[in-house]
Amino acid sequence: MTDPTTARAFLEPEVEMLESFDFVAAVPGGNPLHAVEAVRRQDGALEVRMPGRPMPLPALPSEVRSKLRDRGFASEDPADQTKPWTREVHDAAEAVEMLQELLTGILGEKPDATLNVVHGNHEAEYLMREKLAETRRIVEATLTDMLEGPVERDDDGDYVVPVGNVHVMVSPRPIVDGNIVVRVFSITNVGVTVSPELGLFLARLNFGLMFGRFALDTDNGAVWFDESLLGGQLSDELLRFTVKVVATTADEWDDRLKQMFGGATYQDVLKKRATGTVPTTKPGQGGYL
């Protein structure tokens, strides 16, 4: 057990010594999901943070989010469970007081729960967000010019680009090393019967392609066509070319795949010419072959 007064006396100087991007996390023993942080921002200010939870971790319960709002915390996007909840504080003493309030008053930990103290640095995360914002700026400018108007975004923030008879999705995403990947993809077919024959056909088809690949979503019985680009090497010309290739290839094969393996084309479903379930996952999120 950790006496709250002892914990406060230990944590305050730890928080006071933080430099830009550094953080101190208090983690209840046996419950790492309840980790809370005090962070020194780039501008020197202190903030207390409830870290985001990447999938497949459970999202913060609605009652927890409500209590966070009541205590002045805010999220960049409350509907996105990966975004942290933060609140600026005046000094180390207030930061530690708020950390203890988060643990006991919001997360329900006992006041004398054992705490593990972890030090770290968020600079790589900050730089990644800057790279992502710059990549999104390039993507949005190019697509807006292509469409001669605003670009639609889905619930994940990905861009929806109608090209001819298909819809192309453009999805800038960070990867583990801090770089940005832009996935350009299109759903071609839904409601297909997953079979070894279909998997083998797509593998052979991919072998003959010079650009892009087909993927079989085994969880949802859907076929996708996609290509990935490195955000750091992204250009207007390359993005235009990739969107065009993905759209052309998807349009070339969706009807053929329907004839060979059943189901419906995604465009038929969108236009309500056929029934089918729209996949809830995207390339890299489900079970793929």
Side-chain angles (χ1 to χ4, degrees), residues 1-130 132-133 155-157 173-174 176 178 285:
M1 296 297 181
T2 302
D3 176 71
T5 303
T6 303
R8 174 183 289 275
F10 176 80
L11 286 170
E12 282 191 17
E14 298 291 306
V15 173
E16 188 65 49
M17 290 188 295
L18 293 176
E19 298 184 356
S20 295
F21 301 113
D22 287 347
F23 70 87
V24 171
V27 187
N31 199 349
L33 280 180
H34 285 182
V36 292
E37 300 176 355
V39 182
R40 181 77 69 183
R41 296 196 315 234
Q42 185 184 27
D43 61 7
L46 280 171
E47 69 180 21
V48 173
R49 172 188 290 205
M50 182 84 76
R53 296 182 177 183
M55 295 178 66
L57 296 178
L60 286 172
S62 58
E63 60 269 21
V64 170
R65 298 196 298 271
S66 178
K67 290 179 180 179
L68 286 168
R69 290 189 188 95
D70 291 343
R71 288 162 175 80
F73 283 79
S75 170
E76 179 183 333
D77 182 359
D80 185 347
Q81 73 174 62
T82 67
K83 302 295 185 183
W85 288 75
T86 62
R87 172 183 160 176
E88 186 173 330
V89 292
H90 293 95
D91 53 30
E94 185 183 358
V96 174
E97 179 182 357
M98 187 53 61
L99 287 177
Q100 292 181 317
E101 170 62 15
L102 287 179
L103 290 169
T104 58
I106 294 182
L107 296 174
E109 294 289 337
K110 294 180 179 180
D112 58 352
T114 300
L115 296 178
N116 298 313
V117 177
V118 179
H119 291 78
N121 184 281
H122 283 307
E123 184 171 11
E125 177 187 337
Y126 174 82
L127 294 175
M128 179 273 293
R129 288 200 301 267
E130 284 198 326
L132 180 59
D155 292 340
D156 295 326
R173 287 286 185 269
V176 291
Q285 297 178 342

Grab the two heavy atoms, one from [X] and one from [Y], that are nearest each other, plus how far apart they are.
X: T104; Y: P111; answer: CG2-CA, 3.7 Å
X: A113; Y: E109; answer: CB-OE1, 4.1 Å
X: H34; Y: P28; answer: O-CD, 3.5 Å
X: A95; Y: V89; answer: CB-CG2, 3.8 Å
X: A38; Y: V15; answer: CB-CG2, 3.9 Å
X: P174; Y: L132; answer: CD-CD2, 4.4 Å

[atom1] of [X] to [atom2] of [Y]: how many Å apart, nearest 0.5 Å?
X: T82; Y: D80; atom1: OG1; atom2: CG; value: 3.0 Å
X: E94; Y: L99; atom1: CD; atom2: CG; value: 10.5 Å
X: T6; Y: L11; atom1: OG1; atom2: CG; value: 10.5 Å
X: T5; Y: D112; atom1: OG1; atom2: CG; value: 11.5 Å
X: R40; Y: M17; atom1: CZ; atom2: CE; value: 11.0 Å
X: F73; Y: M50; atom1: CZ; atom2: CE; value: 7.0 Å

**OP:** State plainly whether the residues K67 and E101 are in salt-bridge range, i.e. N to O under 4.0 Å.
**Re:**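 No.
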Original post:
Thinking salt bridges, do E125 and R129 make one under a 4.0 Å N-O criterion?
Top reply: yes
Flag the pair [X] / [Y] as yes when at least one side-chain heavy-atom distance between them is below 4.5 Å, and no otherwise.
X: V117; Y: V24; answer: yes
X: L60; Y: R53; answer: yes
X: E37; Y: P84; answer: no
X: V36; Y: L103; answer: yes
X: L68; Y: L102; answer: yes
X: R8; Y: E97; answer: yes
X: T86; Y: V39; answer: no

**OP:** Apply side-chain contact (heavy atoms from CB on, under 4.5 Å) to R41 and H122, showing your working.
**Re:** CA-CA 9 Å; R41 296 196 315 234; H122 283 307; over 6 Å; no
Subject >> More than 12 heavy atoms of other groups within 6.0 Å of Q81 CD >> reply: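 Yes.
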Subject >> E19, CD: over 12 other non-hydrogen atoms inside 6.0 angstrom >> reply: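 Counting other residues, nucleotides and ligands, CD of E19 stays at 12 neighbours or fewer.
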Subject >> Under 3.5 Å donor-acceptor, Q100 side chain and P4 backbone >> reply: yes
Original post:
So, R87 side chain and R71 main chain: donor-acceptor pair closer than 3.5 Å or not?
Top reply: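 Indeed, once roles are kept as given, a pair shorter than 3.5 Å links the two residues.
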